[in-house]
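These notes concern the structure reproduced below.
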2 protein chains.
Amino acid sequence: MRSYKQFCGLAKALEMVGDRWTLLIVRELLARGRCRYTDLQKGLPGIATNLLADRLRELEEAGIIRREDAPPPVATTLFALTPRGEELEPVIDALGRWGVPLLASASKSDTFRGHWLIFPAKLYLKDHASDRPPIAIEVHTDDEPIVIEAHAGSVRARVGSAEKPDAVMTGSPRLIAALISGNLTLAAARHAGLHYQGDAKALKRLQPLAFAS
Amino acid sequence: MRSYKQFCGLAKALEMVGDRWTLLIVRELLARGRCRYTDLQKGLPGIATNLLADRLRELEEAGIIRREDAPPPVATTLFALTPRGEELEPVIDALGRWGVPLLASASKSDTFRGHWLIFPAKLYLKDHASDRPPIAIEVHTDDEPIVIEAHAGSVRARVGSAEKPDAVMTGSPRLIAALISGNLTLAAARHAGLHYQGDAKALKRLQPLAFAS
DNA sequence: CCGGATCCGGGTTGATACTG
DNA sequence: CAGTATCAACCCGGATCCGG
């Protein structure tokens, strides 16, 4: 991106990460950890391959990502965030949180990837029973499943499955996002088509206190 | 901005505020409160007037800013953030904080506006003596002065002057930014050309505890 | 299949000039 | 003061191609 030529931290930050697609690439690397070019492409539906290649080079020059040569027998290139790149997490979180209300009026035809739910899960869910044993909830959409785990007061979310989940939910991204962000009760989400099996209290332990139903 | 067509809060947020210049316009309105088109132009050196007009229209359609007709005798248009627009403050703060380290290698010829210092002042300074009487520090650069006020544990910064400042500092933006963000001690900044008169303890009360010199 | 490079058409940006 | 109008330069998206 062209320089703004302003002595301002915000302007300097935008020169490095303000380009189209750039922060979405960082989102992918934050959500999945280090991954291959092709994995990035799958997580960024709509990006042109030349733009992905350009951005990766710019991000590497800026010290935000790092290129690693995976050892044999894989022998492929892996892309990962540097520590400086990981410091962008608060930025992604703040922007993502600001954007959640916009999802309500999203187009029906928008693409979706399961691991994008990791961010609202981390942002909105808290462990309100830190003295209880750990729990795990599996979340299934059309795409790849994720697991939300609560353990001693902290919540983490990651791609993959749990070995013995306390609950498993299946539904449209829209329903699950509304449920996580506190705009829908479990009962209402079920009524709208969400499938939830397992311990209902597992979810209640994590949900925002906004509604107490 | 073209749609990413992704069901993701971050992507939706970037569609609204990810365009070039957009977040800098929000920065201006956050720092100065409501102001005129010409004030915005002065605070955004380098923006083309057609782009400013375009962005203001887009931001208004998005519900982020509001256009007000100032009453006579001023009779001018004022631009102000809506509540939804003000919710972008955490985003600006996170990005600005991430960008502060980049200022160290900024170009000598970058433009500067005094009120841009409001953000690092709010972000980095804390009132470490909430039981003491309020203080005010005036900060002068080539441009418009700002005031940093500490009162009962909280710090605020605004454009303008104080009636009876406890201290007044004058120096280059670079020096003052380094001092505020904790990368330079007062002694070092003075040695590098910063002029500081008044109570040195006033500044010490606010500075990050990073260095204890 | 992986990780791009190249080319091209169209849209966006930036600089300047101009106006109600 | 608060913008339009115009136009060149640049950036983006889509398609295609290519060496390992």
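Below, all heavy atoms of this structure are taken into account, side chains as well, without hydrogens, waters or symmetry copies. Every value quoted in this text rests on a predicted model; they were computed, and no experiment measured them. Below, read A as the first sequence line, B as the second, and so on, with proteins coming before strands; counting in each chain starts at 1.
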Task: Backbone of Pro90(A) reached by a side-chain donor or acceptor of Asp93(A) within 3.5 Å - done: no
TODO: Could you check how far CG of Leu52(B) sits from P of dG14(C), rounded to whole Å?
DONE: 12 Å
- [ ] Answer yes or no for Arg97(B) and Tyr124(B): cation-pi contact, defined as NZ/CZ to six-membered ring centre under 6.0 Å and angle to ring axis within 45°.
- [x] yes
TODO: Write down the distance between CG (Asp69(A)) and C1' (dG3(C)), rounded to a whole number of angstrom.
DONE: 12 Å
TODO: Please check if atom CZ in Arg34(A) has more than 12 non-hydrogen atoms from other residues, nucleotides or ligands closer than 6.0 Å.
DONE: no
Task: Glu60(A)/Arg57(A) salt bridge by N-O under 4.0 Å criterion - done: no
TODO: Using heavy atoms and a sub-4.0 Å distance, could you list which residues of residues 27-43 of chain B are near DNA chain D? By number, please.
DONE: Arg36(B), Tyr37(B), Thr38(B)
- [ ] Report the distance from atom CG of Leu44(B) to atom C1' of dA2(D), rounded to the nearest whole Å.
- [x] 15 Å
Open item on the list: Looking at Glu89(A) and Lys122(A), is there a salt bridge between them, counting it only when a charged N and a carboxylate O are closer than 4.0 Å?
Closed with: yes
Open item on the list: Under a 4.0 Å threshold between the charged nitrogen and the carboxylate oxygen, would Lys12(B) count as salt-bridged to Asp110(A)?
Closed with: yes
TODO: Using a heavy-atom cut-off of under 4.0 Å over every strand shown, decide if Arg57(B) touches base, sugar-phosphate, or nothing.
DONE: nothing
Open item on the list: Assess whether a salt bridge exists between Glu149(B) and Arg158(B), defined as any Lys/Arg side-chain N lying under 4.0 Å from an Asp/Glu carboxylate O.
Closed with: yes
Open item on the list: Return a single string for nucleotides 5-20 of chain D, one symbol per nucleotide in 5' to 3' order, where B is base contact, S is sugar-phosphate-only contact and - is none, cutoff 4.0 angstrom on heavy atoms.
Closed with: BB-----SBB-B----
Open item on the list: Could you check whether Glu68(B) pairs with Arg66(B) (Lys NZ or Arg NE/NH1/NH2 to Asp/Glu carboxylate O, under 4.0 Å)?
Closed with: yes
Task: Row check, Tyr37(B) ring normal vs Arg67(B) NZ/CZ: under 6.0 Å, within 45° - done: no
Task: Rounded distance (Å) that lies between atom C1' of dA2(D) and atom CD1 of Ile65(B) - done: 13 Å
TODO: Measure the angle between the two terminal helix axes of the helix from dC1(C)-dG20(D) to dG20(C)-dC1(D), five base pairs each, and quote it to 10°.
DONE: 30°
Open item on the list: Whether Arg20(B) engages the ring of Tyr4(A) as a cation-pi pair (distance to the six-membered ring centre under 6.0 angstrom, angle to the ring normal within 45°) should be assessed.
Closed with: yes
Open item on the list: With a 4.0 Å cut-off on N to O distance, would you call Arg32(A) and Glu144(A) a salt bridge?
Closed with: yes
